[in-house]
Amino acid sequence: MKKFKRHLVTSALPYANGPVHIGHLAGVYVPSDIYVRYLRLRGEDVVWVCGSDEHGVPITIKARQEGVTPQDIVDKYHYMIKSSFEGLGISFDIYSRTTSATHHKTASDFFRTLYDKGEFTEKTTMQFYDEEAKQFLADRYVMGTCPHCQNDKAYGDQCESCGTTLNSIDLINPRSAISGSVPVMRETKHWYLPLDKHEPMLRKWILDGHKEWKANVYGQCKSWLDLGLQPRAVSRDLDWGIPVPVEGAEGKVLYVWFDAPIGYISATKDLTPDWEKYWKSEDTKMVHFIGKDNIVFHCIVFPAMLHAHGEYILPENVPGNEFLNLEGDKISTSRNWAVWLHEYLEDFPGKEDVLRYVLCANAPETKDNDFTWKDFQARNNNELVAVLGNFVNRALVLTQKYYEGAVPAMGELTQYDKDILSELPEIKSAVEENIENYRFREALKEAMNIARLGNKYLADTEPWKLIKTDPERVKTIMNIALQITANLAIVVEPFMPFTSAKILKMIGKEPFGWDALGRTDLLAAGHVIAEPQLLFEKIEDSVIEAQLEKLAASRKANAAKENGKKIEEQKGSVSFDDFGGMDIRVATVLEAEKIAKTKKLLKLTIDTGIDKRTIVSGIAEHYEPADLVGKQILVLVNLEPRELKGVMSQGMILMATDPSGKMVVVSPTEKMPNGAVIG
RNA sequence: GGCGAGAUAGCUCAGCUGGUUAGAGCGCAUGAUUCAUAAUCAUGAGGUCCGGGGUUCAAGUCCCCGUCUCGCUACCA
């Protein structure tokens, strides 16, 4: 077991094109906050960095849509994200941003170092160029007609109408999304990071050296390594980002995946002049907290970059969590299906810890989990209020009642007292072990056991009865109950810092530090505690219903949007001759079979009346092969043949597609002879 | 199609390298209790451990074949 002198913790950089939601929190920020707070309480040397990821194409698109500059967009969300994190008590040592001057210089220098060391390869490719706007067009900037569903507003990377993944060269009638002009193909040079070169190092480091990583993380890495790594472009043609610091690279910026993780380094630089100690000493333990979508970047790509650079350490662990769903559906920013942090903070003032608690207790550590408002309410009412809040309240209220707030002296302990107190150190080590192994859900459960222990102790010793017969004994009981309360203030801090502070305030103490956990002399006899206040309050049904209505509204809005989107605009007019050039016929499906190793492709043998021919069609998700046999369909028979997965496709089947992407074949309403002409 | 992860009580999850009657929290039922936000405490009911084969003295745990969910990836004229 390696011994470390200090910790460097990073949390995935939120992308600055939208606010933060509970999915981000449960997967990344709440767990990492717990981890870091724990380390700090232990007095460890720890630095925790994060910041907004502000480059990349989606931000420029969003800016254009809203008619503002990319800088406007990132400013808006950066500050919004930053302040909502603070509101929830997410305690980064620094929350930086990738548009900062420090970052531009750091990323630029990093690139330059790799460039000078010959760590990149160069490749020239053909890409769409907009002569009017004088710039190369990223896939997202090319629009055209989707070859699949004929939607004429498809983007070069994806058709939003049918969800198909595309390449910009696939689009029919491509046009520039910037100027609307027809783009031309032009040569462009880019730099690549040859990941394959680092494969042996990565293999040894991860597959041999880090078998303790979470199953999902390790498995994903193994999968990538076994598939064989490919060189990856580190630059692209765009005007938003960090310019490639090489002569002759005008109009090119660093690819966002390359600049973003360097943001961790830049943030550390902004935080402390000692930053190198954290990034370049083997006795620093670096941990990346991320979601599962980021595994490859943090386990393969970024380590390869750091290794290529040569001076940096690699992460000791990369706890990647799964995803959180909301009320049974995937969280989605574009569909507004989310609980937004900034809205939660407004709707639930003073209930920061409730959200922290629920998200930790239900964190998607081993598989995707579901957040429901009903569960939120139940955990608040049945666990926080009934177990934790209630215990603290009864201990403090009884102390007020019997001793006017002055802590009574601990007398002689019974065996039962000793048994109860001996559980505290056991819980302490259980919490420690779980946190150190990134099992925060279990750690929280153990922490709550201290409150359960307290409730049980009071129920078993019944001080409210004994006060009449044996007041001396009650002093000891209440002293113990108060010591347990003080222990709660400690153990709860990483998970629920606001609650911890409230307890400390009520018992009139300063933070104890983690090592004090388990001690039974935290409150001296005679110390006077403050008037008790409730830590948590019940959440009524109406509150939950209001949140559910909010979600229902966004579901409704989405449906309306879908409907609005439903009817595509009419396309530009075509001449009668153009239409006449298309030869569409009635045909009958003779045979149908799935093409092996594909998900969507069916190979159909059809009788067109003219001949019997083969057509490949991407409808395997909509039809069982057997269901098509014997059906009459319409076929564009004079479309240029095209080879798909090794099969020649001679023509295209006409399909009707609804906005959800569902497809049905089009048939004549009455049986017609094969070869009958449509027109 | 390939790859990765998951599938265990009504719900959310533990079960490490195979070993006595499969565990926890919540919910539910019954009882106790009243200091406490009708909170607490005790007891109990609830499980073909996704399905089917196999290895073994012994399988939730290992192997093979399926099914379903999530993610990555190829294909979509």
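The sequence lines fix the lettering, A, B, ..., with proteins before strands; numbering per chain opens at 1.
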With a 3.5 Å limit on both atom pairs, tell me what B:rU69 is paired to, counting Watson-Crick and G-U wobble, or say none.
B:rA5
Separation of B:rG4 P from A:Trp224 CH2 (nearest whole Å):
15 Å
Checking base pairs now: Watson-Crick or wobble, both atom distances under 3.5 Å. What partners B:rA39?
none
Would A:Asp419 and A:Gln415 satisfy side chain to side chain donor-acceptor pair (under 3.5 Å), going step by step from the backbone distance to the final call?
CA-CA 6 Å; A:Asp419 289 347; A:Gln415 187 54 46; 3.0 Å; yes
Out of B:rC26, B:rG71, B:rU37, which nucleotide sits closest to the side chain of A:Lys538?
B:rU37
Under a 3.5 Å limit on both distances, the Watson-Crick or wobble mate of B:rC11 is B:rG25
Around atom CD of A:Gln230, are there more than 12 heavy atoms of other residues, nucleotides or ligands at under 6.0 Å?
no
For B:rG46 versus B:rA9, give the span between their C1' atoms, rounded off to a whole number of Å.
6 Å
Is a donor-acceptor contact shorter than 3.5 angstrom present between the side chain of A:Lys292 and the base of B:rA5?
no
What N/O pairs connect the protein and nucleotides 41-44 of chain B at under 3.5 Å? Give each pair on its own line.
none

Gap between atoms CG and P, on A:Asn434 and B:rA14 respectively (whole Å)
11 Å
For A:Arg379 and B:rG27, what is the distance between atoms CZ and P respectively, to the nearest whole Å?
11 Å
Tell me if the aromatic rings of A:Trp337 and A:Phe371 count as close, with their centers under 6.0 Å from one another.
no
Measuring centre to centre across the rings, with the benzene-like ring taken for any Trp, is A:Phe376 within less than 6.0 Å of A:Phe348?
yes
If pairing requires Watson-Crick or G-U wobble contacts with both distances under 3.5 Å, which nucleotide is the partner of B:rG46?
none
B:rC26 versus B:rU43 - spacing of their P atoms, nearest Å:
13 Å
Considering only atom C1', compute the distance from B:rA24 to B:rC65 and round it to an integer number of Å.
34 Å
Across all strands shown, which nucleotide pairs with B:rU34 by Watson-Crick or G-U wobble geometry, both distances under 3.5 Å?
none
